[in-house]
Protein chains: 2
Amino acid sequence: MNANFTTAEKLRKAGLRPTQQRLALAKVLFEGCDKHVSAESLHEDAMKFGISVSLATVYNTLHQFKDAGLLREVAIEGVRSYYDTNTSNHFHFFNEADGELYDIEPGDLKISGLPNLPPGQEIDRIDVIVRLKNKA
Amino acid sequence: MNANFTTAEKLRKAGLRPTQQRLALAKVLFEGCDKHVSAESLHEDAMKFGISVSLATVYNTLHQFKDAGLLREVAIEGVRSYYDTNTSNHFHFFNEADGELYDIEPGDLKISGLPNLPPGQEIDRIDVIVRLKNKA
DNA sequence: TTACATGCAAACTGTTTGCAAATAT
DNA sequence: ATATTTGCAAACAGTTTGCATGTAA
């Protein structure tokens, strides 16, 4: 039982062929601790590991992984999209000074007093971003 | 006492010369109820009112109004930026089906149990987006 | 062998910028 | 008169797309 087999299974379960590129990107993403990546940063990380993947494929793969529930998109204002390897329900600190994103451990933070939803609608998820700035 | 005078004062207080374009955009933005606009939608709205403003000026103006605290930027994933004329501390419903943004009245929703912040940092603001989808 | 995935380059979207002409004070 | 603002067009960043080539089953 090696890691590649496990990763391949993971991809197969998600309905994705375990190709070289997808395996490589999955390795970068899911081995080790939770990460927040952009297309650009994932591409660079893959390069550092000596993996050759085109940026277009990185974009494709991010979408596929997201659609398969392996990644979660995080909405930070700005042009760039971020993806979080932690797909559980949790919230974020965003350091505005350096653009870094940190998880807030689930259970720490609670939301209460949500008003009634419009009829026919339900909550998909709740995004909470606590924006930090340097103390004045 | 006419509306233009008031708007001009508002701009002047914000350190902005009350030019024709800024007055016109302020009129569209701040007369009537709270709005969520994108650069594109504001440009279109201005056109409908017979106001001639270039898109570049709309972008400039949105930034200036935001920096002056007259608007608040709302981070929804995606390429487009949204601005909210309601600058008070409040949260949002986002209807994923049609891309519409609605205010959640402040006071309804409470957040508790925030963990300690990194040293030297303080909260700038907390963004909460309750993402709605159509009931299955 | 057949359907799917990749990589390149070109296209596209939203946004920003440089600079000459116009406007506010 | 002077500094600021505007508008255009070009530049730009991130992302998406079309299509020929390569790969997995």
Side-chain angles (χ1 to χ4, degrees), chain A residues 4-5 7-28 36-47 50-68 70-71 73-83 99 101, chain B residues 4-5 7-28 36-47 50-68 70-71 73-83 99 101:
Chain A
N4 269 354
F5 176 73
T7 307
E9 276 313 300
K10 187 173 186 168
L11 294 182
R12 238 187 285 269
K13 263 182 219 146
L16 298 168
R17 284 190 185 172
T19 64
Q20 294 188 343
Q21 289 81 348
R22 293 209 269 237
L23 281 169
L25 292 174
K27 194 168 203 159
V28 174
H36 303 107
V37 305
S38 64
E40 197 74 30
S41 81
L42 179 57
H43 189 230
E44 280 171 20
D45 286 356
M47 294 308 216
I51 298 158
S52 172
V53 199
S54 79
L55 195 49
T57 297
V58 172
Y59 277 105
N60 287 339
T61 305
L62 283 173
H63 287 154
Q64 293 152 355
F65 284 12
K66 176 191 152 198
D67 292 344
L70 302 176
L71 289 176
E73 198 166 0
V74 184
I76 306 290
E77 78 203 46
V79 278
R80 205 165 306 198
S81 292
Y82 288 89
Y83 294 86
L101 198 61
Chain B
N4 268 355
F5 176 74
T7 305
E9 276 311 300
K10 186 172 186 167
L11 294 182
R12 237 185 285 269
K13 265 183 217 146
L16 297 168
R17 283 189 184 173
T19 64
Q20 293 188 344
Q21 289 83 347
R22 292 209 270 238
L23 282 169
L25 293 175
K27 194 168 203 158
V28 173
H36 304 107
V37 304
S38 64
E40 197 75 29
S41 82
L42 179 57
H43 189 231
E44 280 170 20
D45 286 356
M47 295 309 217
I51 297 160
S52 172
V53 199
S54 78
L55 195 50
T57 296
V58 173
Y59 277 105
N60 287 338
T61 304
L62 283 173
H63 287 153
Q64 293 152 356
F65 283 11
K66 175 191 153 199
D67 291 344
L70 302 176
L71 289 176
E73 198 166 0
V74 185
I76 306 291
E77 79 202 46
V79 279
R80 205 164 307 198
S81 293
Y82 289 88
Y83 293 86
L101 198 61

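Keep in mind that what you see is a predicted model, and the values were worked out from it rather than measured. Order of the sequence lines fixes the chain letters, A, B, ..., with proteins taken first and strands second; residue numbering starts at 1 for each chain.
For the helix from dT1(C)-dA25(D) to dT25(C)-dA1(D), the rotation axes defined at the first and last 5 base pairs enclose an angle of 30°, given to the nearest 10°.
Of the residues near DNA chain C, Y59(B) and P18(B), the one whose nearest nucleotide (by heavy atom distance) lies more toward the 5' end is Y59(B).
In plain terms, the two heavy atoms of V53(A) and A46(A) that are nearest each other are CG2-CB, 4.3 Å. The two residues R80(A) and S38(A) have their closest heavy-atom pair at CD-CB, 3.7 Å. The two residues A39(B) and L62(B) have their closest heavy-atom pair at CA-CD1, 3.6 Å.
Per the geometry, CD belonging to E73(A) stands 15 Å off P belonging to dG14(D), to the nearest Å. As rounded to whole Å, 19 Å separates atom P of dC12(C) from atom CG of L55(A). Rounded to a whole Å, the CG atom of L25(A) is 14 Å from the P atom of dA5(C). Protein atom NZ of K66(B) is 12 Å distant from nucleotide atom P of dT15(C), rounded to whole Å. Atom CG of L11(A) and atom C1' of dA5(C) are 13 Å apart (whole Å). dT15(C) atom C1' lies 11 Å from atom CD of E40(B), rounded to whole Å. Distance D67(B) CG to dT5(D) C1': 16 Å, rounded to the nearest Å. If you take CG of L23(B) and P of dT23(C), they are 14 Å apart, rounded to a whole angstrom.
As judged by a 4.0 angstrom heavy-atom cut-off over every strand, T61(B) is placed among residues making no nucleic acid contact. Contacts of H63(A) with the nucleic acid, taken as non-hydrogen atoms under 4.0 Å apart, involve only primed sugar atoms and P, OP1 or OP2.
The distance from the OH atom of Y59(A) to the CD atom of E40(A) is 6.5 Å, given to the nearest 0.5 Å. Taken to the nearest 0.5 Å, the CZ atom of R22(B) stands 4.5 Å off from the CD atom of Q64(B). Separating the CG atom in L25(B) from the CZ atom in F65(B) is a distance of 6.5 Å, to the nearest 0.5 Å. Rounded to the nearest 0.5 angstrom, N60(A) CG and Q21(A) CD are separated by 11.0 Å.
Closest to the side chain of R12(B), from the set dG7(C), dT25(C), dG7(D), is dT25(C). Picking from dT17(D), dA24(C), dT5(D) the nucleotide with the shortest atom distance to the side chain of Q20(B) gives dA24(C). Each of dG7(C), dA5(C), dG7(D) was ranked by its minimum atom distance to the side chain of A56(A); first place goes to dG7(C). Residue Q21(A) places its side chain closer to dG7(C) than to any other of dG7(C), dT15(D), dT15(C). The R17(B) side chain lies nearest to dA24(C) when the options are dT17(D), dT15(D), dA24(C).
The shortest distance between the side-chain N/O atoms of S38(A) and the OP1/OP2 oxygens of dG14(D) is not below 4.0 Å. Contact annotation: S54(B) side-chain N/O to dG7(D) OP1/OP2 distance is under 4.0 Å. Within the structure, a side-chain polar atom (N or O) of T57(B) is placed less than 4.0 Å from OP1 or OP2 of dG7(D). The phosphate of dT15(C) has OP1 or OP2 within less than 4.0 Å of a side-chain N or O from S81(B).
Between the side chain of H36(B) and the backbone N or O of L101(B), at least one donor-acceptor pair lies under 3.5 Å.
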